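Structure first, then comments.
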Amino acid sequence: MTILFNDFKSQWAEIAPSVLAACERVGASGHYILGEEVATFESAIARYCGVPHVIGVANGLEAIEISLRALGIIPGDKVISTPLSAFATTLAIVRVGGVPVYLDTDAFGLIDLDLVENALLQDPSIKFFVPVHLYGHSLDLKRIAELKARYKMSVVEDCAQSLGASHNGQSTGSAGDLAATSFYPTKNLGALGDSGAIFTSNPELDRRCRSLRDYGQSGKYQHDEIGFNSRLDELHAAVMKDALLPRLAKFTERRRQIAWRYLAEIKNPALHLVGQPGGSDSVWHLFPVLTDGRRDPFVAHLTANDIQTAIHYPTLIPEQGAMKNTKFATIGALPNATRFSRSEVSLPVHPFLKDEEVLRIINVVNNYSPGTV
Ligand SMILES: *Cc1c(COP(=O)(O)O)cnc(C)c1O
């Protein structure tokens, strides 16, 4: 039996009754856009994350775009970002006219905050930062808040992989002006389709984001600015609230258990387990392993043993074809990010893995030797 990287069938078997009940309720209500379901889902996830305001939107990409727009970004503004992330992080910046400024990551694959501080010192014209809490780890949130205050910049945290993660007890999404997340199906809180959300503790930014997601309206037929259609559906909000959000704590606990077993039991000199950065209470969206540079034989070994893997990410964002005709800057070399792009492999860490499967993965990984394939 193949061990899947994501197991949507097992998830469906568990959630189907609550999803179908939510669909019946919304269908019968006759109210499909921006009603009670969206409002109650927003309050429920706000409570879960400990942030006062949540705005449901259509996807994670637009959650970042709307956040940057709400903070007043204008074309040409520089935005510090990471070369190692889902392309959507950069896409959001570019789509609102921002100019991404890339810096190297640290040894965990997350943007290096020392380099961020250097860049801010050297270029006072940088006024935006989109930190990504990659792999489900949290960056140092206190440091981000300090940088934000000292250099008077606006911060949108990309929490697409970090819902529920914290740093020394503080939740990701609470250090920036705004935070964006995605409920893409593979995420820790994954919908049955696209959706996303924005988090903030600032009531004025909350109001701006609500207007921007709904054509820039302040009231019916009252259009104050050029907005988006980025509304979260009632149907999806109901499904998330009834079937998925109530299971998120349990799913996260299971991801953590699996990750800790890997960290304790995988012992192979040909591999480097990236582990958890100091201070981070991670939610293990992914479990990255670094090979010694020969990635293909390791992937082939796992595939031959019926274990699916993935790579996050094989190409650095500034090297993507779409960036050829796009304005951006890279400050310094990117040795850490490049190492991840060449040698990272993600092991399955989804919450439906059974203990026997976790053990099988550990044994297969421990039996790997680069010379045997
Ligand atoms: C998934 C993801 C996004 C984009 O979310 P979508 O809902 O797919 O638009 C943005 N940033 C990161 C880090 C992601 O993992």
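Quick caveat: nothing in here was measured; it's all calculated off a predicted structure. Both counts, for ligands and for their atoms, begin at 1 and track the order of listing.
Here is the list of ligand 1 atoms found below 4.0 Å of a heavy atom in Val132: 13 (C). Within ligand 1, the atoms closer than 4.0 Å to a non-hydrogen atom of Ala86 are 2 (C), 12 (C), 14 (C), 15 (O), numbered from 1 in the order shown. Contact atoms of ligand 1 toward Gly60: 5 (O), 6 (P), 7 (O), 9 (O) (distance under 4.0 Å to a heavy atom of the residue).
Each of Leu347, Val364, Val299 was checked for a side chain to side chain contact (heavy atoms under 4.5 Å, CB included) with Ile307, and the lone residue meeting it is Val364.
Note: an N/O pair closer than 3.5 Å links Asp158 and ligand 1 by distance alone. Where the criterion is an N or O separation shorter than 3.5 Å, residue side chain and backbone included, Leu61 meets it with respect to ligand 1.
For Ser85, the heavy-atom gap to ligand 1 drops under 4.0 angstrom.
Remark: Asp7 pairs with Ser10 by the side-chain hydrogen bond (donor to acceptor under 3.5 Å, both in side chains) rule, at least two apart or across chains.
Two rings, from Tyr313 and Phe340, have their centers 6.0 Å or more apart.
Ranked by closest heavy atom to atom 3 (C) of ligand 1, the top entry among His312, Gln161, Lys187 is Lys187.
If you check which protein heavy atom lies closest to atom 8 (O) of ligand 1, you get Tyr184 CD1, 3.8 Å. In terms of protein heavy-atom proximity, atom 4 (C) of ligand 1 is nearest to Ala88 CB, 3.4 Å.
Aromatic ring pairs are classed by plane angle as parallel below 30°, tilted from 30° to 60° and perpendicular above 60°; the pair His137 and Phe108 is perpendicular.
For the pair Arg231 and Tyr215, the cation-pi test (distance below 6.0 Å, angle within 45°) is passed.
Around atom CZ of Arg342, no more than 12 heavy atoms belonging to other residues, nucleotides or ligands sit under 6.0 Å away.
When heavy-atom distances to ligand 1 are checked against a 4.0 Å cut-off, Asn59 comes that close through both its backbone and its side chain.
Side chain to side chain, Tyr184 and Ser195 fail the donor-acceptor criterion of an N or O pair below 3.5 Å.
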